[in-house]
Amino acid sequence: MPELPEVEVVRRGLERWISGRVVSGVDVLHPRAVRRHLAGGADFAAGLKGHRIGLAQRRGKYLWLPLADSPAAVLAHLGMSGQLLVQPADAPDEKHLRIRVRFDDAQGTELRFVDQRTFGGLSLHGTAPDGLPEVIAHIARDPLDPAFDEEAFHQGLRRSRSTIKRALLNQSLISGVGNIYADEALWRARLHYERPTATFTRPRTTELLGHVRDVMNAALAVGGTSFDSLYVNVNGESGYFDRSLDAYGREDEPCRRCGTPMRRRPWMNRSSYFCPRCQRPPRPVKARA
DNA sequence: AGTCATTCCTGCGTGC
DNA sequence: TGCACGCAGGAATGAC
């Protein structure tokens, strides 16, 4: 949150408004926003200046802008509250403006990284021959990627002694899924979040992945999920999928399938929302002697 | 090796 | 009115 659909909305905006332009200068206004660029803000700015931006790419919740003329890319993660905005250069600075990227053309707009909670950031990294920034080589392909390896995901579930929601949030197993879409997909699949992954059959895995893809595609179709002004596209506009959520944030409201009041449980320093009737907890595992 | 708790951050809502 | 606190949570990190 922003999760895959929200990040993809941003990627499309960058592709339309930023790709092809040449950077004339970068202002780093907060060091924490470039903390993943270990050489520091000045190095980040110098590394971008004069370069042409290629086609915006995404894997899971990461997105990047390749430099058209070198094997490097500006990697972006929005974290909890990060925004990439294309704004008129004369628009007043946002309160939480962290990084400004100016361009060497007459379009009159600049790229702004705005981030209230500063969990996100930008950094510059070398890219592998396939274009992937080296530092995210461990991030699995996401379920909307045609090359997503469903069999590898299933085998990962079978091998693990973990539970299904942890697995869905494990970005090295499957990327792009966060707390919201995990709860939504599990509700659609009628699966409790603590079901052991080792119990999954191949059809069960396929069915769950289908729900993950369905809910993400549905969100994408309406511009993503926004609870407030924090989650916006490059033009600062919110999506509408929050109106379509069936599980997340619906504590005490009736399950849209069976009418049973939905529940919220503290889980891994966050919350899990589920229907106690449609999503029965797994049988306790018998202790081994 | 694999799993899991901890940590970073700010604004908002709530209770006293 | 104001203060303290809990909560929102992605992913790197270190502990076990």
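Naming: A, B, ... by sequence-line order, numbering from 1 per chain.
Computed from coordinates, the Asn170(A) CG to dA11(C) P distance equals 10 Å when rounded to whole Å. What separates CE of Met80(A) from C1' of dA8(C) is a distance of 5 Å, to the nearest Å. Distance, Phe113(A) CZ to dC9(B) P: 15 Å, rounded to whole Å. Lys165(A) has its NZ atom 18 Å from the C1' atom of dT3(B), to the nearest Å. Rounded to whole angstrom, the span from the CG atom of Leu173(A) across to the P atom of dC4(B) amounts to 13 Å. Taking atom CG on Leu78(A) and atom P on dG10(C), their separation rounds to 12 Å, with Å as the unit. As rounded to whole Å, 16 Å separates atom C1' of dT10(B) from atom CG of Leu97(A). Put simply, CD on Glu3(A) is 13 Å from C1' on dA8(C), counting in whole angstrom units.
Toward the 5' end of DNA chain B, the nearer of the two residues Arg166(A) and Phe119(A), judged by each one's closest nucleotide, is Arg166(A). Comparing Arg264(A) and Arg36(A) by the nucleotide of DNA chain C whose heavy atom lies nearest to each, the residue mapping closer to the 5' end is Arg264(A). Nearest-nucleotide assignment on DNA chain B puts the 5′-proximal partner with Met268(A), out of Met268(A) and Arg98(A).
The phosphate of dG10(C) has neither OP1 nor OP2 within less than 4.0 Å of any side-chain N or O from Tyr181(A). Listed pair His77(A) / dA11(C) meets the phosphate criterion, a side-chain N or O lying under 4.0 Å from OP1 or OP2. Between Gln116(A) and dG11(B), a side-chain N or O to OP1/OP2 separation shorter than 4.0 Å is absent. OP1 or OP2 of dA12(C) lies within a sub-4.0 Å distance of a side-chain N or O belonging to His138(A). For dT10(B), neither phosphate oxygen OP1 nor OP2 lies less than 4.0 angstrom from any side-chain nitrogen or oxygen of Thr118(A). A close approach under 4.0 Å does not occur between any side-chain nitrogen or oxygen of Lys95(A) and OP1 or OP2 of dT10(B). For dT3(B), one of the phosphate oxygens OP1 or OP2 lies less than 4.0 angstrom from a side-chain nitrogen or oxygen of Ser160(A).
Between the side chains of Glu94(A) and Gln83(A), no donor N or O sits under 3.5 Å from an acceptor N or O. Judged by distance alone, the side chains of Thr206(A) and Glu150(A) do bring a donor and an acceptor atom under 3.5 Å apart.
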Original post:
side chain to side chain contact (heavy atoms under 4.5 Å, CB included) between Phe113(A) and His30(A): does it pass, once the steps are laid out?
Top reply: CA-CA 10 Å; Phe113(A) 180 69; His30(A) 196 301; over 6 Å; no
List, one per line, each side-chain donor-acceptor pair under 3.5 Å for residues 186-196 of chain A, sequence neighbours excluded.
unit_1	atom_1	unit_2	atom_2	d
His192(A)	ND1	Glu194(A)	N	3.0

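Taking every side-chain heavy atom of Arg161(A) into account, dT3(B) is the closest of dT3(B), dA8(C), dA11(C). Taking the side chain of Asn269(A) as heavy atoms from C-beta on, and the options dG10(C), dT7(B), dC9(B), the nearest nucleotide is dT7(B). Distances from the side chain of Tyr273(A) to the nucleotides dA8(C), dC8(B), dG11(B) place dA8(C) closest. Listed candidates were dA12(C), dG10(C), dT3(B). Nearest to the side chain of Arg270(A) is dG10(C).
His30(A) comes within contact range of no nucleotide atom at all, as no heavy-atom separation falls under 4.0 Å. Among the protein residues, Asp115(A) comes within range of no part of the nucleic acid, since none of its heavy atoms lies under 4.0 Å from any strand.
Of the residues listed (Thr118(A), Asp115(A), Val114(A)), the one engaging His96(A) in a side-chain contact (heavy atoms from CB on, under 4.5 Å) is Val114(A), and it is the only one.
Below the 3.5 angstrom threshold, one finds no donor paired with an acceptor across the side chain of Arg159(A) and the base of dG2(B).
Ring-plane geometry between Phe44(A) and His37(A) is classed as perpendicular, the angle between the planes exceeding 60 degrees on a 0 to 90 degree scale with a lower cut at 30.
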